[in-house]
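Read the structure below first, then the notes.
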Amino acid sequence: MAAALNLPIVVVLQHNRWSFGTRSTSQAAVEDWSDVAGAYGVPAVGVDGNDVLQVYDAAVQAVARARAGDGMTIVVAETYRMLGHAQHDSQKHVPTEELAEWEARDPIQGFERYLIEFGFESQSSVEEIRAEVDALLDAAVDEVLTEPYPQGIEARVGAYAEPEPEAEVPWTRRPIVGYAGNMAAGPSRATRVGESAIQEEMRADESVFILGEDIAVYGGAFKVTEGFLEEFGPERVIDTPISEAAIVGAAIGAAHMGLKPIAEMQFIDFIAPAFDMIVNFAAKSRYRTGIGAGLVIRGPCGAGARSGPFHSQSVESYFANVAGLKMVAPARAYDAKGLLRAAIRDPDPVLYFEHKLLYRRVKEYLPVDEQILVPLGRARTHRSGSDLTIVTYGAMVFKSADAANRIAEEDGCEIEVIDLRTLRPLDIATVVESVRRTGRLLIVHEAPRFGGFAGEITAQVCEEAFEWLDAPIRRVTAIDTPVPYAPPLEDYYLPQEDDIVTAARWLLAY
């Protein structure tokens, strides 16, 4: 990606001969590691990695090339790993004569000899410098070893810029915050769900930019970014190579440097190659280093468009167990816009799931003179009722509402439909407040049943509202298979209105 975008980057490949216990010759067929640059169309410079002056000269040239706008350089430093992979690695697999050979080429000792030989330092001054450095290192080690361990409760601190509500806190101790948007206020215009706050945020804040596959010239697979390139230019609307790991990795780095990246997955299914970047770097960055990664990763999710198993998935459960991430799944245009604006401004990494069926099928009038901002972590009551609570999100909000309306007309029962809007942080307080009034809970989501969000919601409601339940909690979800391609199979796979009606009637009759 750095080569394709001609970025001013110097890549140092430290060839140290070993992984944990396997030689590099067993892991790649190349003999000269500088050859790897050929595939990327960039120059490579091979140096003795134990020679300070060779490394310095190569770095000077590579940095100058980058600053001149000539792009990336790969510096291949040939060296050796003198210690084992970890403290428990005794290096019995490494020949002793090989270690001795490379020990004689120690870079610090070699540079000391150079300084003395050419008169830059004397033997005594080198020894003084070495003693001074040893003293600094010893003092630093002593300071760390004498520092007391933190208290166990401190393990809860630092995953997010602000702490998430604790699930074990009784519902009565939490504020119950309802939906406060005024959809009727002021002049308005029709807007589809896919139209978001990206453009407005980019106009207001030059640190906001977007990167992804085919988003600039083409305008995105679903035309969400159509026209952005003409307005903001190629430095803020970036067409990337087909590498989700590179897209998210670059976005994390940009976030660390104070920018506000929005990384688009062409389909949310393609997020899998970026899994390591998301869960081990973006999510854990603040907890490990104190440096947050405030970025948004957005993409179209969900089935129903007859797109088969690789373009139709709901992946939210994959990430539900990862502390440090926030997740948003809007249903309405107002929420899609307000939640995306909040996500862009949030200091933590946010996964933003846009159901592809809602892009052009759901419209509503939005105030044109209001800066719509919907806080993360607050559910919304989509439909009020007193006999049963349905908790859902995304496209299932509308199927659930249709089922509730049908039961009201045919059975005379009123069902409350709660749109979670944000999956993490999860507004369990609003759910508990509703269940306390209705006594019954049905959870509906499009993701497969096993390990889905319904299980987590069920557990938290049982912990906090069991005494108010008049019936067992039930789930209506997709079946536990990949998303089928054939229309009859996909329809069977997905929760349908009839499925919701059947489960609701069972609960109402309990």
Drop me the distance from [X]'s [atom1] to [Y]'s [atom2], to the nearest 0.5 angstrom.
X: L357; Y: C301; atom1: CG; atom2: SG; value: 9.0 Å
X: D470; Y: L441; atom1: CG; atom2: CG; value: 12.0 Å
X: I268; Y: S312; atom1: CD1; atom2: OG; value: 13.0 Å
X: I247; Y: L211; atom1: CD1; atom2: CG; value: 6.0 Å
X: T225; Y: D214; atom1: OG1; atom2: CG; value: 9.5 Å

Over all heavy atoms of both residues, which pair between [X] and [Y] is shortest? Give the atoms and the distance, please.
X: A4; Y: P241; answer: CB-CG, 3.9 Å
X: V483; Y: A303; answer: CG1-CB, 3.8 Å
X: A2; Y: I9; answer: CB-CD1, 3.8 Å
X: M327; Y: T422; answer: O-CG2, 3.2 Å
X: A504; Y: I407; answer: CB-CD1, 3.5 Å
X: A159; Y: A323; answer: CB-CB, 4.5 Å

Between F267 and F222, is the ring centre distance below 6.0 Å?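 Yes.
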
Suppose we call two aromatic rings close when their centres sit under 6.0 Å apart. Are Y393 and F353 close by that rule?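 No, too far apart.
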
Taking [X] for its side chain and [Y] for its backbone only, find out whether a donor-acceptor pair lies under 3.5 Å.
X: K356; Y: A305; result: no
X: K326; Y: L376; result: no
X: S285; Y: I291; result: yes
X: N405; Y: A401; result: yes
X: D205; Y: S207; result: yes
X: E200; Y: A197; result: no
X: E490; Y: G304; result: yes
X: Y160; Y: L325; result: yes
X: R286; Y: A293; result: no
X: Q313; Y: P309; result: yes

Do [X] and [Y] make a side-chain contact, defined as non-hydrogen atoms from C-beta onward lying under 4.5 Å apart?
X: I210; Y: I198; value: yes
X: V391; Y: L442; value: no
X: W33; Y: S24; value: yes
X: R345; Y: E201; value: yes
X: V350; Y: L295; value: no
X: T381; Y: V417; value: no
X: I252; Y: M277; value: yes
X: P495; Y: M396; value: yes

What I want to check is whether the side chains of [X] and [Y] have a donor and an acceptor closer together than 3.5 Å.
X: Y359; Y: E354; result: yes
X: Y510; Y: R505; result: no
X: H355; Y: E446; result: yes
X: S386; Y: E414; result: no
X: S19; Y: Q27; result: yes
X: D499; Y: T502; result: no

Quick test of your reading of the model: are [X] and [Y] salt-bridged, counting only N-O distances below 4.0 Å?
X: D419; Y: R383; value: no
X: K399; Y: E497; value: no
X: E416; Y: R437; value: yes
X: R449; Y: D480; value: no

In sequence, state the C-alpha distance, the side-chain angles, and the governing distance for T392 and L420, and then conclude on side chain to side chain contact (heavy atoms under 4.5 Å, CB included). CA-CA 6 Å; T392 186; L420 290 174; over 6 Å; no

Applying salt bridge (Lys or Arg N to Asp or Glu O under 4.0 Å), which residue pairs with at least one partner in residues 225-241 are found, sequence neighbours left out?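 Listed by first then second residue: R203-E231.
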
Within residues 273-282 or reaching into it, pairs that qualify as salt bridge (Lys or Arg N to Asp or Glu O under 4.0 Å) - sequence neighbours excluded: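 Qualifying pairs: none.
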
Derivation and outcome, side chain to side chain contact (heavy atoms under 4.5 Å, CB included), residues K337 and V374: CA-CA 8 Å; K337 190 165 189 175; V374 178; over 6 Å; no

Relative to each other, are the rings of F319 and F275 parallel, tilted or perpendicular (30° and 60° limits)? tilted

Geometric cation-pi criterion, K223 with Y218: 6.0 Å, 45°: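 Yes, a cation-pi geometry holds between K223 and Y218.
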
For residues 435-466, the ring-ring contact (aromatic ring centres under 6.0 Å, His included) pairs (sequence neighbours left out) are none

Please step through salt bridge (Lys or Arg N to Asp or Glu O under 4.0 Å) for the pair D498 and R406, ending with a clear verdict. CA-CA 10 Å; D498 285 347; R406 180 169 148 194; 2.7 Å; yes

Tell me, yes or no, whether the heavy-atom count around I242 atom CD1, taken from other residues, nucleotides or ligands under 6.0 Å, exceeds 12. no

Test log, rule salt bridge (Lys or Arg N to Asp or Glu O under 4.0 Å), inputs R440 and D387: CA-CA 7 Å; R440 295 173 175 84; D387 299 311; over 6 Å; no

Residue pair L339, R421: steps toward the side chain to side chain contact (heavy atoms under 4.5 Å, CB included) verdict: CA-CA 8 Å; L339 287 166; R421 301 195 294 188; 3.9 Å; yes

Do L489 and Y492 pass the side chain to side chain contact (heavy atoms under 4.5 Å, CB included) test, and can you show the C-alpha distance, the side-chain angles, and the key distance before you say yes or no? CA-CA 5 Å; L489 299 182; Y492 181 84; 5.7 Å; no

